[in-house]
Amino acid sequence: MLLSIVCSMAFAQKTLEVEERSQANDVYSSDGDEAAIIIKCNQTIPLQFSSSMDKSADPFRTELQGSDSVYYIAFPTGNRYRGREISILSPGYNIVTIPLELNPKQLRSFYLSDPDATVGKGCYVEHRNKAQEEIKKTNYEQAKDLLLEACQCSDVDTTENNENLRTLDTIINSRAMADRSFKLLDYQEAATYYEKVMMLNSYDNYASNRFTVCMRNYESECDVAFKKAEYFYSEKMYDKAKELYEQVVRRECNNMVIATDRLNFIQSTMDAKKYHSRVLTYEYNKDTPIGFSYGKYNMKKTGGFFQMDINNRVFDALRSDCRYGDPKDDPELNMSFGWTIKIVNPVWIYFGPGITSKLYYGTYLEDHYPGYKDHEMEEVNKTNNMNEAEYEKELKKLETKTNLAFAISPVIGICVKYSYFAIRATYQYRWALKSQLDNYIGKSRLSFGVGVAF
């Protein structure tokens, strides 16, 4: 009797069929020499795994794709693992054994199914399982007919069946929308719909292949648009470049970040041209009558400026043609830079740091620098053995020594521009690094500028 019971239990076990679905170009990316297998099975059939040569064959990832559970298992490779077999167990089913000869980086895929899944399960389950098989074959209309017939079954699970119908309708509608977009050459939108189909039915090879084509064409169109935009950009044909860069950004192409930067620059340049933001002026003050200023006085954001002015004695200094004399004739140079901010059109304020350098000649006694009433130079001690020529030479050396007076000179000013014309008024404060030269450099200066806005 016991033997009969055991035999009847053995014959009661069902069999799972194994179908290998590996592709020749499948690769498993790993740091070492591992390989991996993917096993898919209907989620109603839970699986467990063991290996003839490994301590563990537990999946490192499990996920749900449509109605299938997908198991990912990694294995080490090498000669010592030749002859490995993996055993697959599930309650109510015979053990399935698969021989695994794996090479490094190899990826193999298997699909397990119950050939009798639609037999003896009741009206609803039979129709549902048949519909799922039709979905895997991408026979969506037949699958929908089966699910609609399942509604008439007395044992129907209405909630599950309605959910399956909604999923199937989504697949059908997404495929139709994808095909329509594909015909209109809108590859980005088509790829989105094909990807949605693939997420709901990973067996839809048509959607997978079309998705690959869409992505390839989409990337090709992006590259062409970006290269054309770059050419127009380099030729300063900003109107045409802007249109193409906007396409790149709108389509979210790979070069979208660069295109966005280019668009910002183009917009800034076009705004500057439209509002005559660039200003070039001739600058004058009594000590440095030769000067200029250039800056951007933007309508919507902060700009910048640079200013420099000199006197004509600077050119004499370059030729070493300066001598001790009137401090008013000493070479002087001013430079400043900073920021411009619109107060209210057409008035801008600007401010920033600056420097002033001024040369003076001669060897002065300490604390008797030029600029003071009692400024005094050193004298030459004429010794008895010094002739007149040597004396004159030493005296000239004292008078021609070059000294630098240096000051920090921040500026603030107002610019008024209208159409193509602009005027500026600048106040400069001077802080001498050597306090004894305060009077020589001066405490402040006021300069005026007039020029063009373009």
Taking atom NZ of Lys40 as the centre, report whether more than 12 heavy atoms of other residues, nucleotides or ligands fall under 6.0 Å from it. yes
Establish, yes or no, whether a centroid distance under 6.0 Å links the rings of Phe75 and Tyr81. no
Audit row: Asp271, Gln267, side chain to side chain donor-acceptor pair (under 3.5 Å) steps and yes/no: CA-CA 6 Å; Asp271 285 346; Gln267 190 62 50; 3.1 Å; yes
What do the steps show when you test Glu230 against Tyr245 for side chain to side chain donor-acceptor pair (under 3.5 Å), and what is the final call? CA-CA 9 Å; Glu230 288 286 274; Tyr245 282 133; 2.3 Å; yes
When you check the side-chain N and O atoms of Tyr194 and Asp179, is any donor under 3.5 Å from an acceptor? yes
Could you tell me whether Asp186 and Arg180 have a side-chain N and a carboxylate O separated by less than 4.0 Å? no
Which of these, Phe454, Phe421, Tyr420, sits in a ring-ring contact (aromatic ring centres under 6.0 Å, His included) with His276? Tyr420
Over 12 foreign heavy atoms within 6.0 Å of CG, Asn162: yes
Using distance alone, with no hydrogens and no angle criterion, decide if Ser50 and Gln48 have a side-chain donor and acceptor under 3.5 Å apart. no
When you compare the side chains of Gln428 and Arg430, does any donor N or O come within less than 3.5 Å of an acceptor on the partner? yes
Side-chain touch Ile290/Phe315, heavy atoms, less than 4.5 angstrom: yes
Test applied, side-chain contact (heavy atoms from CB on, under 4.5 Å); reference residue, Glu332; option that passes from Asn311, Ile310, Leu359: Asn311
Separation between CE of Met198 and CZ of Arg210, rounded to the nearest 0.5 Å: 13.5 Å
If the plane angle is over 60° it's perpendicular, under 30° parallel, otherwise tilted; pick one for Tyr72 and Phe60. tilted
When you check the side-chain N and O atoms of Tyr275 and Asn345, is any donor under 3.5 Å from an acceptor? no
Would you say the ring centroid of Phe182 lies under 6.0 angstrom from that of Tyr187? yes
Over 12 non-hydrogen atoms of neighbours within 6.0 angstrom of NZ in Lys228: no
For the residue pair Glu160 / Asn164, report whether a side-chain donor-acceptor contact shorter than 3.5 Å exists. no
Is it true that the NZ or CZ of Arg424 lies under 6.0 Å from the centre of Phe305's six-membered ring and within 45 degrees of the ring axis? yes
Is it true that atom NZ of Lys342 has more than 12 heavy atoms of other residues, nucleotides or ligands lying nearer than 6.0 Å? yes
Salt-bridged, Lys240 to Glu235, with N to O below 4.0 Å? no
Face-on cation placement of Lys417 at Tyr297 ring, 6.0 Å and 45° thresholds: no
For Tyr218 and Glu189, does a side-chain donor sit closer than 3.5 Å to a side-chain acceptor? no
Do Asp239 and Met270 touch side chain to side chain, with heavy atoms closer than 4.5 Å? yes
Taking atom CZ as the centre, does Phe306 end up with more than 12 heavy-atom neighbours from other residues, nucleotides or ligands that are less than 6.0 angstrom away? yes
Are Leu64 and Ser69 side-chain neighbours, meaning at least one heavy-atom pair lies under 4.5 Å? yes
Interatomic distance, Ser409 atom OG to Arg445 atom CZ [nearest 0.5 angstrom]: 10.5 Å
Any side-chain donor paired with an acceptor under 3.5 Å for Thr288 and Asn285? yes
With a cut-off of under 6.0 Å to the ring centre and 45° to the axis, is Arg21 in cation-pi contact with Tyr203? no
Salt bridge check: are Arg166 and Asp169 linked by an N-O gap of less than 4.0 Å? no
Would you call Asp204-Arg175 a salt bridge at under 4.0 Å N-O? yes
